[in-house]
Amino acid sequence: MSISSALANALTGLTANSRMAETVSTNLANALNERFAKRDVVLSSVSLNGRGGGVRVDGVSRAADPAATGLRRAADASLAAGTALADARGALLGAFGRPDDPGGLPARLSGFETAMVAASNNPGSATHLVDAVEAAKRLADTVNRIAAGIQTLRSDSDGEIARQVEALNRSLEEIENLNRDIAVFSLTGRDTGALEDRRAELVDKVARIVPVKTVRRENNSVALFTVNGGTLLNGKASLFAFSANPTITEAMTVQNGALGLVSLAGQPVGSNLPGHFLEGGSLGAHLQIRDAIAPRATELIDGFARDLVGRFEAAGVDPTLPPGAPGLFTDAGAAFDPALETGLAGRLSVNALADPDAGGAVWQLRDGLGAAVPGPVGNNAILLSLTAALAEHAVPASGLPSAGALSAAEFAAAAVSAMASAAHEAENEQIAGAARAGALREAELAVLGVDSDAELQNLIMVEQNYAANARVIAAADGMLQKLLEM
Amino acid sequence: MQTNAVSDLATGLRARRDNAALKAALNRAATEMTTGTVSDAVAATGGQLADLLDIEHRIALTQRFGPALAMASRRLGAAQAALSGISATAGQLAPDLIAATGRGDVTAQASLAALARTGLEAAVAALNGRVAGQALFAGAATDAAAVDAASAILGDIGTIVSAQPDAATAAAAVSAYFADPAGGFQSARYLGSQQPGPRMKVGENEEFPALPAATDPAILSVLEGFALAASVDGGAFAGAPDQRSALLAAAGQKLLGAADGLQSLRAGLGQSEGRAAEIETGLAASRHALDLARNEILAIDQFDAASRFEALRGQLETGYLATATVSRLSLAGYLR
């Protein structure tokens, strides 16, 4: 009978309204949940043998905008990489010395050079000689510290690579499981919204580590590929391997095999060449830091140390030195050996002959490191020669390719300037990247997020619709009663 | 239904980002306004720090050159005064000696001999002069005296002269005593070092030459002249007045000859003194120029910073007002 159909139809309407109210309440409850995409009830009309059968709730769909989400993920990957690079370059600049840093390389070199000038003009004053030796030791300390700082940065990056590979593996595995669950739920008609939220969160996490391309598969599964075409998850999750090194020294490089590479099924997939599998996210950035950026900084500080050692070892600067003997600055006590240049900065020290704390005497600075006994106290010829050696313009043998002839102070300034302009550029990139990521996130949230006003408007309509359906039930009931009263 | 809906989170995010950016800019402007220098030198120079670092290095060096120049000037002045005193005495004594020996005035000769002795003592005292505890004429041995006591020198001279038969050989022997590096004076009575004294570094490419030591030939000549005449006062050739007269004449000639050498020494010192004055003005000018250059890179016009600060403050306040208004606009507030 039509009246009972009317009843049944109105009942479906009530069910749909309840479902919609439930959805509105879910949306409002999650309005501030950043990982939540708003839900919509999908309704369709029911047709029974060509006659209207009310409304059916097909399911609750989760809002999605693949284009906006994809752009935002790409921006997130760039931002993660940019942040890692900016932090690393900032740390390198801090190690070399920002302009106002009294412990930085230019300040320490300047302090040493001025102490040498003062000692040259007061050769008889033990205080001035001690000052000069102490200033030399402070300079050597700073060079040591910079070298150590660079290796710490590399160790940190290495550890970070291990952590991110671990996180990547775990996320891919969980996404694989979620894919399966979501497929099962969709086939059996259950609500997959919360699972999809969780999966989206995990893909976001992966996207920061390695930039991803998402491909939809059947039954609401996703496959993940890197933008350079590598497979992260295609049915089965890829498993990456990486072995970390707890301590890293200058001698360990990717090229000589002492440092680990990320590998997939035994094949290395990451290297510091552009265009490789894992480039573009924070994992690629840390590989770059460990294998390219930090070693370049090591070259720079080693080149500076080499230049400094060479200035005082050069023939004629200290005529009391036999040929081949170490000068004022030594490689852990020995003369400079070009085969051992890597890591020189970490071993730079002041010649013990002139260091009272190491059994030497400060008068050796004035009278020459090869002198057996102190000479007349007013003789400043060697001091003047040492001071002039610092100021002499020489083309650096290594560390600063394509530089002209530089004095020691100019070399230090050029080194810091190189670090500073790289840091400045990286910072600008990061700021721009953050702005872009922020704007894209806003655009994505505009579509995916919950608008309380819209939800409340929906609720008003649901209320009215519920009242209308209830009215229909009451009317149908009334009609049936009338029928029975006859 | 496709409308340009803006979710709550999106508006919140936008407001937060804008306000955060404005606040950071406001803080930077506040720092710049109060200190007058840029808050971040790296950002201000775009990472090109080489110029700034070079300027700061030169400023530090210039600060060392100032005191060095002052010290060098004092040493030059003192050396100049010492040499001019010696030169004056010698210049007065020489013509008197020649005249007295020429007319055979024995009494005058005796008093001149005594004057020569005091002249030698004064010369030794002047040569042993020190500035700030450092010897002027001792070469590299700035902690030692330059010359032994005048009495010791006169003792040596007396011994030498009394061993000679006549004035001519005596004069030659005394000459050898002073001039020969192994002879008497330079080996025993000169207490300084044969190595030259310190050259003062007063500029990036400026050095003052070392002061002359007491072994400079001009100084040795004048000491020889005084010593020869003083030996007569010490009793040389006691019974031979013509020998004594010959000695005094030789002394007078020696002192006359020494005048030229002393004059060129003093001229050299004078040249250095003039150079010192030039370098001082140069140092002051370069210090000023370096400071200006440094300010050009680092300094901020405080009025400019203040007006920027005001503008940002207004913008931030407007941002806060907008955020507050938008957050109050919610349908929930208007339903019942």
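Throughout, protein chains are lettered first and strands after them, A, B, ... in sequence-line order, and every chain is numbered starting at 1.
For B:Leu13 against A:Gly438, the heavy-atom pair with the smallest separation is CD2-O, 4.3 Å. Minimum interatomic distance between B:Gly197 and A:Asn380 (heavy atoms only, all atoms of both residues): O-OD1, 4.4 Å. A pairwise comparison of heavy atoms in A:Leu456 and B:Ala332 identifies CD1-N, 3.4 Å as the closest pair.
For the atom pair CG (A:Leu383) and NZ (B:Lys201), the distance works out to 12.0 Å, reported to the nearest 0.5 Å.
With chain A as partner, the option from B:Gln195, B:Gln48, B:Met200, B:Arg14 having the largest number of non-hydrogen pairs under 4.5 angstrom is B:Arg14. With respect to chain A, the highest number of heavy-atom pairs below 4.5 Å among B:Thr45, B:Val42, B:Leu329 belongs to B:Val42. Here A:Val450 is the residue among A:Leu109, A:Val450, A:Val416, A:Leu32 with the most heavy-atom pairs under 4.5 Å with chain B. Taking chain B as the reference chain and counting heavy-atom pairs below 4.5 Å, the highest number among A:Asp100, A:Asn379, A:Val117, A:Leu384 is found for A:Leu384. Considering only heavy-atom pairs separated by less than 4.5 Å from chain A, the leading option among B:Ala210, B:Ala72, B:Ala138, B:Ala43 is B:Ala43. Among A:Ser417, A:Ala420, A:Ser421, A:Gly449, the residue with the largest count of heavy-atom pairs under 4.5 Å with chain B is A:Ser417.
Contacts between A:Pro99 and chain B at a heavy-atom distance below 4.5 Å involve backbone atoms as well as side-chain atoms. Within the 4.5 angstrom heavy-atom criterion, no atom of A:Leu448 approaches chain B. Proximity to chain B is limited to the side chain of A:Ile460, based on heavy atoms less than 4.5 angstrom apart. Neither the backbone nor the side chain of B:Glu204 comes within less than 4.5 Å of any heavy atom in chain A. Proximity to chain B (any heavy atom under 4.5 Å) is restricted, for A:Asn33, to the backbone atoms N, CA, C and O. Looking at A:Gln457, both its backbone and its side chain come within 4.5 Å of chain B, counting heavy atoms on both sides. At a 4.5 Å heavy-atom cutoff, the contact between A:Glu34 and chain B is made by backbone and side-chain atoms alike.
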